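Report on one structure; see the data block that follows.
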Amino acid sequence: MSSFAGRMKEYPNMSLDRFDRENLHARAYFLSHCHKDHMKGLKGPLLKRKLKFSLTVKLYCSFVTKELLLSNPKYAFWEDHIVALELESPTLITLIDEASGEREELVVTLLPAGHCPGSVMFLVEGAQGTVLYTGDFRLAKGDASRIEPLHSGSRVKDIKSVYLDSTFYDPRFYQIPSRETCLHAIQGLVQDWVSRSVYHTVWLNCKAAYGYEYLFTNLGDEFHTQIHVNSLDMFKKMPEILSHVTTDRASQIHACRHPKGEEFVAACRLPCGSSSSDGTPLNIISIKPSTMWFGERTQRTKVIVRTGASSYRACFSFHSSYSEIKDFLSYLQPVNIYPSVVPIGRTHADVSQLLKSMCRDVSSSAVVYRPLGALKRTRPEQQTHDVDRADWLFEGADLAPVRKRVMMQEATPTTLPNPPDEPLPLTPLITGDYMDCTESNDDDDEEEGRDLEEEERGGEERDEGSVSNSGPPPRWEEFFTTEILTDSQPNSCSHTSPSHSTLTGSQTPELFVDDFVKLPSPSISLSAGRGPSQADGMLIQSEDRCQGDALTNLDAGGEECGSHTHQSEPTESQLSSDFDIPSTPDSHRPGPDELSDLYRRLAAGEEVVTRTGSQSL
DNA sequence: GCGATCAGGT
DNA sequence: CACACCTGATCGC
């Protein structure tokens, strides 16, 4: 949970994501996204009173965040004090002290954060240097290079401080399967289920929070349906989302919620109360999006885990993994990094120590200080790395090490693939940096004999085409319209007005980079009979997967949902949507006999050797 | 009655 | 395992 107190050292007159205590006296407020833990104090009576008497205090956020916020009547009093900003449009903001009239000018730029609809990072440029407040974010490897305002021409901007979402900044969370991988795995599971009959229904057991919408839009498109949800109110200005959700309970895919939802589903009733359409009982599976993470060398990394006869967990993360954060930081090379979250079991000192290695070394030889510089330096507030103000003190034009911009997007999609042995040009600075995390993941690393280097080589070999799949970070803003749309959308996405199509393309998570491997493997599929769009992003299924740990997830226990579940369970391939798995040369696909033996042993309750540890639930 | 905080749950 | 959130109990105003 965020322990950020709301203030940045450089710009203490602005408050971000905290609105209580000392933040009550801020000159301007910034809300990175609409999750409750970033809105502390935002509906407090003290702040409400302050607004009544203030002409200048504003809340800055994205258009989508504004819409989501105001869809809750408890925040309606903010209406006239919210300034929605466009993404990636630098905006001059003057902070005024209402008592003294003192003014301070800042340039603030909203950057897409990929955490939930409307989520942004704040890039602040002013007299105290350039700082980045990330809010909560999930960016894939290489995304920083595609965010224009982080650059100045061909250079990466000189960033003094990053206030970082360090939720998963711990080597234990080294990798989290990409959004695409997770989405495709979920699609596979849903496909297998809903194709069985119209009574086969999926319940997406999502938490009461924004962030699952891209799941709804993609599943909606894939299955030509709308997802049943409790309310459409918050999406009334977001046609792309609105067209994929419905309050009509006659849907095969539900994401409705009820405090006793789990009990309902165990009793073959959906949280909305629906239990049948025409008297025939529903056949429900539940899929609970959950964060799953894996160590640096972990290879068998299941994206879907079965937790009961008709319940599954599916990998889903709102936050960047350790390696994604490292990629982000090593691209930006800030001078300071301040963590906003201390992972459980860690101290602030632990995290700060870990983060030190990601900071630019200001004493490095890249900075050559002129002997006379100290004498010339008359303005004490000047920062040694402030390029614009202090470069006359130094040799050369730049104090910050030259950081060349990397354009991943420009990687030629149609030309020859990178040579297998050459690392992809993801960051200019590090490749070996990932080695300093070897202290980690003993616990997660169940790989016995595998050689890491071999694994990496295998990965890069297959990475060929996938570089060009990288897209820009998510732009939830493009979901937004100023019109208010009504609930009377057509009941099938296939009828959705073409006027929305321009919004669709750039929003879908296909655009996220998959760090890992995709193989155009014709022999492997998550499910049969799907279109070419799935074939492109096919997950690799390891040959040896079936021998062991995949089966350990076939939990024979758990609640049964009526008598009809057994013969209609999803097939093996749905249960083990592995990702990033290089094939093992000396492994083999188990034969039917081996498989049935394993099934028999599982059914008999015998131990089956597992390399993923206990996953029984 | 309201808000803040904590425990316990999903 | 975490996350984001909810409910209910308790405390203080």
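Letters A, B, ... mirror the listed sequences (proteins, then strands); counts begin at 1. None of the values given here were measured: they were computed from a predicted structure.
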| query | Does A/S310 reach the side chain of A/I285, with side-chain heavy atoms less than 4.5 Å apart? | reply | yes
| request: For the side chain of A/A208, starting at C-beta, report the closest nucleotide among C/dC6, C/dC3, C/dA4. | output: C/dC6
| Considering only heavy atoms and no angle criterion, is a donor-acceptor pair shorter than 3.5 Å present between the side chain of A/K207 and the base of C/dC3? | yes
| message | From NZ of A/K288 over to P of B/dG9, roughly how many Å is that when rounded to an integer? | response | 13 Å
| said: Can you confirm if the aromatic rings of A/Y169 and A/F328 lie within a centre distance of less than 6.0 Å? | reply: no
| said: Can you measure A/R49 atom CZ to B/dC2 atom P for me and round it to whole angstrom units? | reply: 17 Å
| More than 12 heavy atoms of other groups within 6.0 Å of A/K50 NZ | yes
| task | Please state how far atom CG in A/N205 lies from atom C1' in C/dC3, giving the value in whole angstrom units. | result | 13 Å
| task | Would you indicate what A/K36 reaches in the nucleic acid, counting non-hydrogen atoms under 4.0 angstrom: base, sugar-phosphate, or nothing? | result | sugar-phosphate
| request: Would you indicate whether the side-chain heavy atoms of A/S330 and A/M358 approach each other to under 4.5 Å? | output: yes
| message | Measure CZ/A/F316 against P/C/dA4 and give the value in whole Å, please. | response | 12 Å
| message | Does C/dA4 have OP1 or OP2 under 4.0 Å away from a side-chain N or O of A/H319? | response | yes
| C/dC6 C1' sits how many Å from A/E263 CD, rounded? | 14 Å
| field | Separation of C/dA2 C1' from A/R172 CZ (nearest whole Å) | value | 10 Å
| query | What integer distance in Å separates A/H35:NE2 from C/dC6:P? | reply | 11 Å
| task | Just call it for A/S317: base, sugar-phosphate, or nothing, with non-hydrogen atoms closer than 4.0 Å on any strand. | result | nothing
| said: If the cut-off is 4.0 Å, is A/H115 near the phosphate of C/dA4, judged by side-chain N/O to OP1 or OP2? | reply: yes
| task | Please check if any side-chain donor atom of A/S15 sits under 3.5 Å from a side-chain acceptor atom of A/R7, or the reverse. | result | yes
| remark: Judged by nearest nucleotide, the residue sitting upstream toward the 5' end of DNA chain C, A/P259 or A/D136, is A/D136
| query | Atom NE2 of A/H258 to atom C1' of B/dG9: distance rounded to whole Å? | reply | 15 Å
